[in-house]
> 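First the structure, which I've put down as structure tokens, then a few questions once you've had a look.
Throughout, residue positions are numbered sequentially from 1 according to the sequence presented. As the structure lists them, so they are numbered: ligands from 1, and atoms in each ligand from 1.
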Amino acid sequence: MNKTSPPATSPSGASPLTRLVHAGKQPAFDGGRPVNPPVVRASTVLFDNTAQQREMRMRRGDERLFTYGARGNPTNFALEDVVSELEGAYRTRLFPTGLAAIAMTLLSYLKPGDHLLMSDSVYEPARKLVGSFLTPYNIRCTFFAADGSDVEEKIEAGTCMIYAECPGSLVYEMCDLPRLAEIARVRGLLLVADNTWGSGCQYRPLALGADVSIMAATKYLSGHSDVMMGTVATTKDTWQALAERSDAFGMTVSPDDAYLVLRGTRSLAARLALHESHGLQVAYWLQSRSEVATVFCPALPDHPGHALWQRDCKGSNGLVSFELQPGFDQRAAERLIDSLQLFGIGASWGGYESLVTLADMRRARSVTDWSDRGQVIRLHIGLEDPADLLRDLLQGFAALTA
Ligand SMILES: *Cc1c(COP(=O)(O)O)cnc(C)c1O
């Protein structure tokens, strides 16, 4: 008998204590199956015999097998497959947060003595990893211009990774990723990209030549502001280093969280189409305001990265930032933010709802000088009716000068 399928009834004559442990393991009903993969919660995984256990342990280094909770479970595997599909990847690994995905990527491919080139446009906590982790572990880092124009001249003898984020955080600078991929290929460097903005729908770094693509699934993949997760998708050649290091560090996620993200991915493309359409309506409206110096969204024709966006992206999303005329100070910007009714004040983004936050560009960039620029406000445009959002922004702008 296959011991993984439990007996139909509890062992006859077993005590209530035993029946309590063994009862209820049959499917609750005969018939079909649910649409969605069930949540499989497990730490221990049971084997039929020692030979099977030994075989699974031998094979699990190369194959994805259900052998222990820390090495994933069928719910997580289903989400990994969806992300691999989105990213065009060989395989995908899940992490508890987007930041954990970034940190484990650096930890998997870099060692003391190595040199890393990081884009000036990266998500700020990724930049902070340089001081908190890389420098103390003797991994050197140089920031390159967000458009990638100075990458070649910044390569050193020990350089082994180019880490890009395209479009960049907060003001969405574009770099020519295929060109960076060619530079990396010729010199044998690894090209890593943070693809949270593109979410695998609007931008696909692996198809453009990157080796590794990272996403904060916390954002659009989940889409409902109620779960944290990060994903790392790789090519076949780069998979093993990530998988081994992540296993060594015991990296996994809860199947309940994987279920939520998996559920979110089913409506990802439909939500993004609305975020994009609503975001553009707000972006064009902002461009018409005299209080605004610049509107940042790569889908706008006068964004410096627009040509690359047109070439490499399938669309945009709900992220729109804008710079106030330099005459407005931080307190004026905060009056605008505080007066908004439909925009939640908060970090993160990618949920169905609109958000607003003040961006500190002086802190977020070191290669580009932002010292004489105006206040930058980041909006995430949600699924609300854009006419209502514009009415809210209109009264927000009135508070600027109040
Ligand atoms: C939010 C974000 C992350 C980090 O994701 P968390 O799940 O919040 O840790 C990483 N990269 C980018 C570009 C992000 O916007």
> Which distance, rounded to the nearest 0.5 Å, do you find between the OG of Ser316 and the NE2 of His306?
10.0 Å

> Does some non-hydrogen atom of Trp197 fall short of 4.0 Å from ligand 1?
no

> Does Arg64 pair with Asp81 as a salt bridge, N-O distance under 4.0 Å?
yes

> Which atoms of ligand 1 sit under 4.0 Å from any heavy atom of Thr218?
6 (P), 7 (O)

> May I ask you to say whether Asp114 pairs ionically with Arg140, meaning some side-chain N is under 4.0 Å from a carboxylate O?
no

> I want to know if ligand 1 touches Gly98 in the polar sense, i.e. an N/O pair below 3.5 angstrom.
yes

> Between Glu80 and Arg93, is the closest basic N to carboxylate O distance under 4.0 Å?
no

> I need the contact type for Thr97 against ligand 1. Using non-hydrogen atoms and a strict under-4.0 Å cut-off, is it side chain, backbone, both or neither?
both

> Going by the order shown, which atoms of ligand 1 are within less than 4.0 Å of some heavy atom of Trp349?
15 (O)

> Answer yes or no: does an N/O atom from Met228 fall short of 3.5 Å to an N/O atom of ligand 1?
no

> If the cut-off is 4.0 Å to any non-hydrogen atom of Thr196, which atoms of ligand 1 fall inside it?
11 (N), 12 (C), 13 (C), 14 (C), 15 (O)

> Salt bridge or not between Arg365 and Glu173? Use side-chain N to carboxylate O under 4.0 Å.
yes

> Does ligand 1 come near enough to Asp194 that some N or O of the ligand is less than 3.5 Å from an N or O of the residue?
yes

> In terms of atom number and element, which parts of ligand 1 are under 4.0 angstrom from non-hydrogen atoms of Glu165?
13 (C)

> Please confirm whether Ser169 comes within less than 3.5 Å of ligand 1 when only nitrogen or oxygen atoms on both sides are compared.
no

> Between Ser119 and Glu165, do the side chains contain a donor N or O and an acceptor N or O under 3.5 Å apart?
no

> Return the residue, atom name and 0.1 Å-rounded distance of the protein heavy atom closest to atom 9 (O) of ligand 1.
Leu99 N, 2.8 Å

> Could you tell me the residue and atom name of the protein heavy atom closest to atom 5 (O) of ligand 1, and the distance to it rounded to 0.1 Å?
Ala216 CB, 3.1 Å

> If you count the atoms of ligand 1 from 1 in the order shown, which ones are under 4.0 Å from a heavy atom of Lys219?
1 (C), 2 (C), 3 (C), 14 (C), 15 (O)

> Where do Leu342 and Asp392 come nearest, in terms of heavy atoms and distance?
N-OD2, 2.7 Å

> Counting only heavy atoms, which portion of Ile102 has something under 4.0 Å from ligand 1: side chain, backbone, both, or neither?
side chain

> Can you tell me if Ser321 and Tyr172 form a side-chain donor-acceptor pair at under 3.5 Å?
yes

> If you measure from CD on Gln375 to CG on Leu400, what distance do you get to the nearest 0.5 Å?
10.5 Å

